[in-house]
There are 2 protein chains.
Amino acid sequence: MNLHDLKSVCGSCTIRELCLPAGLSDDEVHLLDQHMEHRQVVPKGDYLYRVGDPFRSLFAVSSGFFKTVLLHEDGRGQITGFQMMGELLGLEAIHSDHHMCDAVALEDSAVCTIPFDQFEQLGQVMANLQHRFNKDLSREIVREHNVMMLLGSMRSEERLANFLIDLADRHAHRHQSSVEMTLRMTREDIGSYLGLKLETVSRLLSRFHDEGLLEVRGRRVKILDRNALALRRTEAHHQ
Amino acid sequence: MNLHDLKSVCGSCTIRELCLPAGLSDDEVHLLDQHMEHRQVVPKGDYLYRVGDPFRSLFAVSSGFFKTVLLHEDGRGQITGFQMMGELLGLEAIHSDHHMCDAVALEDSAVCTIPFDQFEQLGQVMANLQHRFNKDLSREIVREHNVMMLLGSMRSEERLANFLIDLADRHAHRHQSSVEMTLRMTREDIGSYLGLKLETVSRLLSRFHDEGLLEVRGRRVKILDRNALALRRTEAHHQ
DNA sequence: ATCAGGTTTTGACTTATGTCATTGTACCCT
DNA sequence: AGGGTACAATGACATAAGTCAAAACCTGAT
């Protein structure tokens with residue numbers, strides 16, 4: 001019993017319903033816990049993994065904030081996502097058994113480590129878990145479709161409005177304020193994710209501020225008029 | 001035995017190694033076949049599925065060519081991918097049990113239908129199949145990361161060069177000529193996928209033509225200088 | 001508290017790509 | 001075979017976003 005307690009992670013986790021074990025029964029979570037490794041701390045600025053690292057485990061963000069960065073040979077980098085509590089890291093590595101991007105902590109963070117071969121075995125005997133995981137992979141595909149839409153078809157203002165609303169919604173989902181947020185990433189990071197330069201991001205934030213949609217003080221952002229901001233996500237209001 | 005033959009699809013399929021059953025044993029493929037529905041024809045221009053359709057099955061492209069399109073409320077559309085022989089369609093629908101984009105045949109095509117609930121059950125008893133499928137989902141995530149890089153960080157010329165080389169490689173992988181290809185999609189489709197307008201795509205093709213990289217006659221494209229074209233994928237050659 | 005480094009803001013100017021319009025081409029249908 | 005509708009190419013011009021540069025601002029380390 002004590003052994004169980006030592007290894008137990010998800011069973012007593014406050015964000016269990018935001019994470020991989022969402023929807024599983026207590027018994028199932030218990031079983032999952034027996035295959036989890038302990039929590040691992042990742043200080044701000046550290047890499048959780050890098051391109052080319054062999055793939056052994058998935059990671060679930062337990063606390064903190066990450067970015068994933070795709071590096072191009074000629075030095076350019078593209079941020080492919082920002083991950084917060086409950087979200088999985090490393091899904092891109094399953095295909096080739098090697099990580100295909102860098103994962104960097106943007107603040108002091110912690111992750112739960114999920115050895116993938118054990119996880120796959122567990123999926124064989126736990127249909128619920130396998131189903132959840134298929135859905136998580138599919139959700140990531142949907143998210144990326146939406147980013148493609150954003151990058152391929154939207155103007156800068158729409159991109160930023162989408163980004164901010166998405167961020168606010170994810171905060172809300174985690175019972176954090178969706179009105180006042182402190183951004184964990186630089187303007188350059190936001191720009192990379194949105195396919196814009198940092199100067200453009202800065203100007204847009206100033207514009208939203210001037211128009212009374214936001215209050216912006218450095219990385220502190222307060223959403224003053226969510227409806228108006230939400231409208232900026234589409235081209236409709238230009239017509 | 002005859003019953004088996006009737007239902008058999010993958011077992012005798014010429015593109016088996018390009019598709020879901022790649023790497024499975026004959027026995028395993030045989031088992032998979034028992035859960036496949038028959039091939040379904042999709043004439044050019046028809047929808048295989050539309051946004052909002054309930055999700056029942058995945059599809060494997062057996063022959064032909066598809067595009068998947070994400071529609072935005074304000075009428076804009078973003079093409080999220082082009083699928084050829086052996087590639088899976090419908091992965092985005094697992095998350096919400098509803099299709100999240102339209103899938104349109106760009107030429108007369110055929111698909112194999114894979115009822116997803118049966119497929120998941122089969123995955124429970126066939127670790128190899130489940131593993132293959134996890135990899136397929138992960139590969140789709142990697143592909144989309146690359147598109148994000150393309151849309152977020154590359155100039156128009158680089159985008160088109162990447163697109164053409166990727167298309168050529170996928171043809172080669174299917175033992176089709178990677179030198180002479182006929183594009184299945186319009187300039188507008190290419191533009192949508194690459195985040196460009198059709199006029200830009202047209203101009204770029206003309207430019208590549210003038211520079212001796214390609215021979216372009218309508219939708220017929222012949223790659224004359226693959227190396228030079230490959231160089232255009234990065235910014236390096238501008239330095 | 002102070003200083004140094006990395007951010008952020010803002011301005012003036014450039015440029016890649018989009019927009020609009022015209023003509024040309026090809027393919028599909030009867 | 002022909003005629004109509006889609007698609008494609010090209011030119012002239014407009015503009016959103018990028019570039020370069022300077023100044024202001026934070027933040028964390030000494």
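Below, chain A is the first sequence line, B the second, and so on; all start at residue 1.
Nucleic acid contact class of A:Thr186 (heavy atoms, under 4.0 Å, all strands): sugar-phosphate only. Here A:Ser202 lies in heavy-atom contact (under 4.0 Å) with a base.
Heavy-atom neighbours of A:Met100 CE from other residues, nucleotides or ligands within 6.0 Å: at or below the threshold of 12.
In this structure, the CZ atom of B:Arg187 is 10 Å from the P atom of D:dT10, given to the nearest Å. Counting to the nearest Å, the C1' atom of D:dA9 and the CZ atom of B:Phe208 are 16 Å from each other. Rounded to an integer number of Å, the gap from CG of A:Leu204 to C1' of C:dT8 is 14 Å. The CG-C1' distance, from B:Leu106 to D:dA6, rounds to 15 Å in whole Å. Going from atom CE of B:Met185 over to atom C1' of D:dA8 covers 15 Å, rounded to whole Å. The interatomic distance linking B:Glu107 (CD) with C:dC28 (C1') rounds to 17 Å, in whole Å. The CG-C1' distance, from B:Leu160 to D:dA8, rounds to 14 Å in whole Å. With rounding to whole Å, B:Arg207 atom CZ is found 11 Å from C:dT17 atom C1'.
Figure legend. C:dT25 is base-paired to no nucleotide; pairs are counted as Watson-Crick or G-U wobble with both atom distances under 3.5 Å. Base pairing analysis places C:dC3 opposite D:dG28; the two distances defining the Watson-Crick or G-U wobble pair are each below 3.5 Å.
For the salt bridge (charged side-chain N to carboxylate O under 4.0 Å, His left out) condition, the pairs that include at least one residue of residues 77-101 of chain B, sequence neighbours left out, are A:Lys135-B:Asp97, B:Glu87-B:Arg170, B:Glu87-B:Arg174. Among residue pairs with one or both ends in residues 54-72 of chain B, those qualifying as salt bridge (charged side-chain N to carboxylate O under 4.0 Å, His left out) are B:Lys67-B:Asp189; sequence neighbours excluded. The stretch residues 203-215 of chain B participates, sequence neighbours left out, in these salt bridge (charged side-chain N to carboxylate O under 4.0 Å, His left out) pairs: B:Glu157-B:Arg207, B:Glu211-B:Arg232.
Under the rule for a side chain to side chain contact (heavy atoms under 4.5 Å, CB included), the partners of B:His173 that lie at least two apart in sequence or sit in another chain are B:Leu18. Applying the side chain to side chain contact (heavy atoms under 4.5 Å, CB included) criterion to B:Ala230, with sequence neighbours excluded, gives B:Ile165, B:Arg233. Residues passing the side-chain hydrogen bond (donor to acceptor under 3.5 Å, both in side chains) test with A:Glu199: none are found, sequence neighbours excluded. Remark: A:Glu107 engages A:Arg184 in a salt bridge (charged side-chain N to carboxylate O under 4.0 Å, His left out) (not counting sequence neighbours). For A:Thr200, the side chain to side chain contact (heavy atoms under 4.5 Å, CB included) partners at least two apart in sequence or on another chain are A:Ser156, A:Leu196, A:Lys197, A:Leu204. In this structure B:Ser206 satisfies the side chain to side chain contact (heavy atoms under 4.5 Å, CB included) test with no other residue, sequence neighbours excluded.
Taking 3.5 Å as the limit, the base of C:dG11 and the side chain of A:Arg203 contain a donor-acceptor pair of atoms between them.
For the pair B:Ser178 (side chain) and B:Asp169 (backbone), a donor-acceptor distance under 3.5 Å is absent. Here the side chain of B:His98 pairs a donor or acceptor atom with the backbone of B:Gly52 at under 3.5 angstrom.
Looking at residues 194-201 of chain A, you'll see A:Gly195, A:Leu196, A:Lys197, A:Glu199, A:Thr200 sit with a heavy atom under 4.0 Å from some atom of DNA chain D.
When the side-chain nitrogen and oxygen atoms of A:Arg219 are compared with OP1 and OP2 of C:dT8, one or more of them lie within a distance under 4.0 Å.
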Exercise. Indicate for each nucleotide in nucleotides 22-30 of chain D, in 5' to 3' sequence, whether protein heavy atoms under 4.0 Å reach the base (B), only the sugar-phosphate (S), or nothing (-).
Key: ---------

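Applying the 90° criterion around 0 to the glycosidic angle, D:dA6 comes out syn.
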Pairs: protein N or O with nucleotides 23-25 of chain C N or O, under 3.5 Å:
none

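You'll find that the side chain of A:Ser206 is closest to C:dT10, out of C:dT10, D:dA9, C:dT8.
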